[in-house]
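Everything quoted here is computed from the prediction, not taken from an experiment.
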Amino acid sequence: MTDISKSLLFTFTIIISFGLCILYASAELRRFAHSSKHDGALSFLVLGDWGRRGAYNQSLVAFQMGKVGEKLDIDFVVSTGDNFYDNGLTSDHDNAFQESFTKIYTAKSLQNQWYSVLGNHDYRGDAEAQLSPVLREIDSRRLCLRSFIVDSELVEIFFVDTTPFVDEYFTEPPEHKYDWRGIGPQKSYISNLLKDLELALRGSTAKWRIVVGHHAIRSVGHHGDTQELINRLLPILQANNVHFYMNGHDHCLEHISDTESPIQFLTSGAGSKAWRGDIEGMNRRGVNFFYDGQGFMSVKLTQTDATIEFYDVFGNVLHRLTSSKQLHSSM
């Protein structure tokens with residue numbers, strides 16, 4: 001090979017490599033279309049912190065979800081993460097997948113699509129196993145990615161991988177091991193994700209904009225507020241007219257209003273084991289509702305109104321939030 005050929009090859013390689021870097025830095029979040037009902041409405045359930053092979057009332061919560069799901073004729077289910085305890089899945093053939101998911105959520109109304117994000121407990125196992133298409137071959141309901149968008153035109157739901165935001169998972173002594181494959185340098189991963197999210201939010205024309213993550217931005221539960229999300233994620237949500245932020249992580253049900261914007265913080269992390277009496281009292285501004293037992297949440301959206309209800313393990317409605325473009329109220 002001549003010197004000229006070597007030079008051209010080197011230049012071409014550099015261009016290709018640079019192009020791949022640009023592509024990675026500006027990659028759009030994957031988008032999945034999910035049509036609304038014929039009347040334009042959409043309804044779904046929200047559940048978090050659940051996968052315990054039916055224990056800690058997981059099966060009872062699932063039973064009530066099935067009843068509420070049938071009543072509301074739900075379109076899908078949202079999982080806010082910590083899908084499998086205590087340490088995620090060991091592989092994409094781990095029996096825990098079927099024992100904690102397929103064999104638990106058996107009601108007819110729950111056979112719709114499940115959209116899931118990863119929680120910190122999921123990262124303690126084989127995180128990439130939960131993203132594997134093998135699991136969809138086992139149970140086609142479940143779709144789990146790190147970050148993505150569900151678009152029904154009426155609403156866009158932006159799923160955000162929040163575990164890599166939390167510094168202590170990287171810096172504290174290795175009490176737990178985390179599977180960071182696919183993440184790369186933490187700072188670059190978060191920076192690129194936030195750029196992609198902000199770009200998608202700015203371009204949204206949906207009537208309703210919802211962001212889902214595992215960790216709470218605001219919470220009075222065991223873990224309390226997540227300062228990294230307050231610093232990095234919340235300003236983007238406030239600047240782009242997000243209506244609701246939904247999360248798990250704390251094993252409770254919560255509704256907290258942002259004091260600086262119309263955003264409502266909604267915790268649904270009570271899918272199985274709950275933490276009775278475990279309340280973090282440092283910041284109680286905007287708290288409308290807190291329940292330290294098991295349960296889940298429902299969401300019904302129309303062109304003008306949103307109705308969100310929190311249920312306990314017996315199917316009782318504990319709290320209701322109604323919202324419109326002109327008015328926010330709760331009871």
Side-chain angles (χ1 to χ4, degrees), residues 43-52 55-69 71-72 74 77-83 85 105 110 116-117 119-121 157 162 210-226 229 243-258 263-301 306-323 328-331:
S43 59
F44 58 94
L45 303 182
V46 183
L47 177 75
D49 304 78
W50 42 268
R52 297 182 185 271
Y56 294 98
N57 286 340
Q58 182 193 0
S59 294
L60 294 179
V61 173
F63 177 74
Q64 296 298 338
M65 287 175 63
K67 293 174 65 175
V68 173
K71 179 181 177 181
L72 297 180
I74 60 169
V77 177
V78 166
S79 171
T80 59
D82 277 2
N83 307 307
Y85 282 96
Y105 302 101
L110 303 182
S116 305
V117 290
N120 55 300
H121 281 267
I157 307 177
T162 60
I210 298 172
V211 175
V212 173
H214 176 63
H215 294 77
I217 294 178
R218 286 290 325 283
S219 172
V220 294
H222 174 80
H223 294 104
D225 300 347
T226 306
L229 298 185
H243 300 94
F244 306 109
Y245 178 78
M246 301 177 180
N247 61 273
H249 196 45
D250 271 332
H251 295 189
C252 59
L253 303 173
E254 296 179 275
H255 168 207
I256 301 176
S257 298
D258 189 18
I263 298 172
Q264 305 300 303
F265 302 113
L266 307 171
T267 296
S268 182
S272 57
K273 187 177 183 179
W275 299 327
R276 283 288 189 185
D278 196 348
I279 302 174
E280 210 286 336
M282 294 298 292
N283 182 4
R284 298 196 179 188
R285 292 177 301 165
V287 176
N288 301 294
F289 166 72
F290 173 84
Y291 177 67
D292 56 356
Q294 291 110 341
F296 60 98
M297 187 172 76
S298 71
V299 181
K300 183 177 181 179
L301 303 170
T307 302
I308 296 169
E309 295 180 325
F310 293 85
Y311 302 83
D312 67 12
V313 71
F314 304 107
N316 300 312
V317 176
L318 303 175
H319 178 73
R320 179 180 296 111
L321 160 67
T322 58
S323 178
H328 288 272
S329 67
S330 62
M331 57 183 296

- Does the side chain to side chain contact (heavy atoms under 4.5 Å, CB included) test come out yes or no for V77 and M65, once each step is laid out? CA-CA 10 Å; V77 177; M65 287 175 63; 4.3 Å; yes
Open item on the list: Do H319 and N288 pair up side chain to side chain, a donor and an acceptor below 3.5 Å, judged on atom types alone?
Closed with: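 The answer is no; no qualifying pair exists.
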ask   = Side chains of D250 and T267: is there a donor and an acceptor less than 3.5 Å apart?
value = no
Might you point out which heavy atoms bring [X] and [Y] nearest each other, and give the distance in Å?
{"X": "Y291", "Y": "L318", "value": "CD2-CD1, 3.4 Å"}
{"X": "V117", "Y": "N83", "value": "O-ND2, 3.1 Å"}
{"X": "S79", "Y": "W50", "value": "OG-NE1, 2.9 Å"}
{"X": "L253", "Y": "A270", "value": "CD2-CB, 4.0 Å"}
{"X": "G221", "Y": "F290", "value": "CA-CE1, 4.0 Å"}
{"X": "R285", "Y": "I256", "value": "O-CG2, 3.6 Å"}

I'd like to know if the side chain of [X] reaches the main chain of [Y], judged simply by a donor and an acceptor atom lying under 3.5 Å from each other, with no hydrogens or angles considered.
{"X": "S272", "Y": "Y56", "value": "no"}
{"X": "D82", "Y": "N120", "value": "yes"}
{"X": "H255", "Y": "L266", "value": "no"}
{"X": "D258", "Y": "Q264", "value": "no"}
{"X": "T162", "Y": "G213", "value": "no"}
{"X": "E254", "Y": "V220", "value": "yes"}

[atom1] of [X] to [atom2] of [Y]: how many Å apart, nearest 0.5 Å?
{"X": "D225", "Y": "S219", "atom1": "CG", "atom2": "OG", "result": "7.0 Å"}
{"X": "L301", "Y": "I157", "atom1": "CG", "atom2": "CD1", "result": "7.5 Å"}
{"X": "L47", "Y": "F296", "atom1": "CG", "atom2": "CZ", "result": "8.5 Å"}
{"X": "S298", "Y": "R320", "atom1": "OG", "atom2": "CZ", "result": "9.0 Å"}
{"X": "E309", "Y": "T322", "atom1": "CD", "atom2": "OG1", "result": "10.0 Å"}
{"X": "I263", "Y": "I217", "atom1": "CD1", "atom2": "CD1", "result": "6.5 Å"}

Of all residues at least two apart in sequence or in a different chain, which pass the side chain to side chain donor-acceptor pair (under 3.5 Å) check with [X]?
{"X": "Q58", "result": "Y105"}
{"X": "D49", "result": "Y85, H251"}
{"X": "D292", "result": "R276"}

Task: Ring centres under 6.0 angstrom apart (F289, F310) - done: yes
Practice task
For side chain to side chain contact (heavy atoms under 4.5 Å, CB included), just list the numbers for V299 and F244, CA-CA rounded to whole Å, side-chain angles, deciding distance to a tenth of an Å, and then say yes or no.
Solution key: CA-CA 11 Å; V299 181; F244 306 109; 6.0 Å; no
| message | Please verify the inter-ring angle class for H249 with H215; under 30° counts as parallel, over 60° as perpendicular, anything in between as tilted. | response |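 It falls in the tilted class, 30° to 60°.
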- Query: Would one find more than 12 heavy atoms of other residues, nucleotides or ligands at under 6.0 Å from atom CZ of F63?
  - Reply: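 Open.
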